[in-house]
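Each chain gets a letter, A, B and so on, in the order its sequence line appears, and its residues count up from 1. Everything quoted here is computed from the prediction, not taken from an experiment. Below, all heavy atoms of this structure are taken into account, side chains as well, without hydrogens, waters or symmetry copies.
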There are 2 protein chains.
Amino acid sequence: MSEDLMSIREMSRSFGVTPRALRFYRSSDLLSPLRRGQSRLYSKSDRARLKLILRGKRFGFSLEQIREILELYNPAEKNLSQTEAALTTARERLADMKQQYLELGFAITDLEEQIEEGEAALLKLRALAEAAPSEEK
Amino acid sequence: MSEDLMSIREMSRSFGVTPRALRFYRSSDLLSPLRRGQSRLYSKSDRARLKLILRGKRFGFSLEQIREILELYNPAEKNLSQTEAALTTARERLADMKQQYLELGFAITDLEEQIEEGEAALLKLRALAEAAPSEEK
DNA sequence: CGTTACGTTTACGTTTACGTTCGCGTAAAG
DNA sequence: CTTTACGCGAACGTAAACGTAAACGTAACG
């Protein structure tokens, strides 16, 4: 029951990040695993946060931006103005993400078309190579 | 007709990037504006490329990855194996982007929910502040 | 013709996000 | 009890993506 705790190695392997990265996130207050003796132990909530961190990174957000969003996720112990500020930045990020979502859709279509063009060009190149084999080692 | 050419200032302003960035992209072979006299002039194709560059950046791709994709966009002067390589990396990027698209959709939903929770928490905090006004400067 | 404005290249500085030792503590294995 | 393995934090190193500053060309303005 208390054994949903993972060592740094286990975290590292199951998320595909280095131990160094995990320590870095802790020192940046992005993660706060328990300290048992000399070691750190990562709970379910730490895993949820890490998931968000890695997701944010994939979308091109800086760790700083990600940290601001994460502050929204523990509304305890926070006062009013801090919560307000977190909400404001979260709304901005949300707007960014929606914009990105749209653009990403277009970019995917674009790239698909471009790949098709590239494939067509490739066929022509191969045809030419067949017709006039200039250099064969 | 040849006046779809822009100076570095115009580019800078219309895309919201610094001249320094444009020069950096040129020195990285991401852009290749004409050299007229001492200056550089950016064509329509340069603008298209820059658009792709900035878009790629927003999705968290490195300039190096972006450069590989861009190579797909001028299938001229390229040989067979180069085009094949470009296609391969482009397909990989496309897969990444589709994955990102899905994740981004989930992330947006998540964040929306989280914002609603935050708003609820805010209302409670305000209610408490009304009931027991402890500190008012 | 001097100055102001904009452009160039070159070189070095800076920030972000870790990688790479390092010296140390601890814990298990032999 | 030593060796081996893992973990920690501190310090320094590094690659990417520019920013900043220096030294210079040129064009136009008054």
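Looking at A:K98 and B:E112, their side chains come closer than 4.5 Å, going by heavy atoms from C-beta outward. B:L30 is not listed as a side-chain neighbour of B:R49, based on a closest heavy-atom distance of 4.5 Å or more.
Residue A:S28 is classed as having no contact, given no heavy-atom separation below 4.0 Å to the nucleic acid. Contacts of B:S27 with the nucleic acid, taken as non-hydrogen atoms under 4.0 Å apart, are absent.
Contact annotation: B:K57 side-chain N/O to D:dC18 OP1/OP2 distance is under 4.0 Å. Side-chain nitrogen and oxygen atoms of A:Y25 include none within less than 4.0 Å of the OP1 or OP2 phosphate oxygen of C:dA17.
Using the Watson-Crick or G-U wobble rule with both distances under 3.5 Å, D:dA28 pairs with C:dT3. Under the Watson-Crick and G-U wobble criteria, each requiring two contacts below 3.5 Å, nucleotide D:dA22 is paired to C:dT9.
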Within the sub-3.5 Å range, which N or O atoms of nucleotides 2-5 of chain C have a protein N or O partner, and how far apart are they?
none

Please enumerate all protein N or O atoms sitting under 3.5 Å from an N or O of nucleotides 7-12 of chain D, with distances to 0.1 Å.
from  : atom 1 : to    : atom 2 : distance (Å)
D:dG7 : OP2    : A:R9  : NE     : 2.5
D:dC8 : OP1    : A:R40 : N      : 3.1
D:dC8 : OP2    : A:R23 : NE     : 3.1
D:dC8 : OP2    : A:R23 : NH2    : 2.7
D:dG9 : OP1    : A:R26 : NH2    : 2.9
D:dG9 : OP1    : A:R40 : NE     : 3.2
D:dG9 : OP1    : A:R40 : NH2    : 2.5
D:dG9 : OP2    : A:R26 : NH2    : 3.3

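We find that B:E10 and B:R47 are not joined by a salt bridge, their nearest charged nitrogen and carboxylate oxygen being 4.0 Å or further apart. The pair A:R93-A:D96 meets the salt-bridge criterion, with a side-chain N (NZ, NE, NH1 or NH2) lying under 4.0 Å from an Asp/Glu carboxylate O.
Nearest approach of B:L31 to B:L50, heavy atoms of both residues: CD2-N, 4.0 Å. Taking both residues in full, the closest heavy atoms of B:S12 and B:V17 are given as OG-O, 2.6 Å, listed atom of the first, atom of the second, then distance.
The nearest whole Å value for the distance from the CG atom in A:L31 to the C1' atom in C:dA17 is 14 Å. Spacing between atom CD1 of B:I66 and atom C1' of D:dC18 amounts to 14 Å, rounded to whole angstrom units. D:dA16 atom P lies 8 Å from atom CD of B:E64, rounded to whole Å. Rounding to whole angstrom units, CG of residue A:L30 and C1' of C:dC18 are separated by 13 Å. As rounded to whole Å, 14 Å separates atom C1' of C:dG19 from atom CG of A:L22. A:R67 has its CZ atom 14 Å from the C1' atom of C:dT16, to the nearest Å. Protein atom CZ of B:R36 is 14 Å distant from nucleotide atom C1' of D:dT26, rounded to whole Å. Taking atom CZ of residue B:F61 and atom P of nucleotide D:dA17, one finds them 13 Å apart after rounding to whole Å.
How far CD of A:Q114 is from CG of B:L87: 9.5 Å, rounded to the nearest 0.5 Å. The OG atom of B:S32 sits 9.5 Å away from the CZ atom of B:R40 when rounded to the nearest 0.5 Å.
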In residues 54-64 of chain B, what donor-acceptor pairs under 3.5 Å come from side-chain atoms, sequence neighbours left out?
from  : atom 1 : to     : atom 2 : distance (Å)
B:R55 : NH2    : A:D110 : OD2    : 2.8
B:R58 : NH1    : A:E103 : OE2    : 2.9
B:S62 : OG     : B:E64  : N      : 3.3
B:S62 : OG     : B:Q65  : N      : 3.1
B:E64 : OE2    : B:R67  : NE     : 3.3
B:E64 : OE2    : B:R67  : NH2    : 2.4

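Each of A:L34, A:L5, A:I8 was checked for a side chain to side chain contact (heavy atoms under 4.5 Å, CB included) with A:Y42, and the lone residue meeting it is A:I8.
Side-chain atoms of A:T18 lie closest to C:dG19 of the nucleotides C:dC18, C:dG19, D:dG19.
When the nearest nucleotides of DNA chain C are assigned to A:F24 and B:R13 by heavy-atom distance, the more 5′-ward of the two goes with B:R13.
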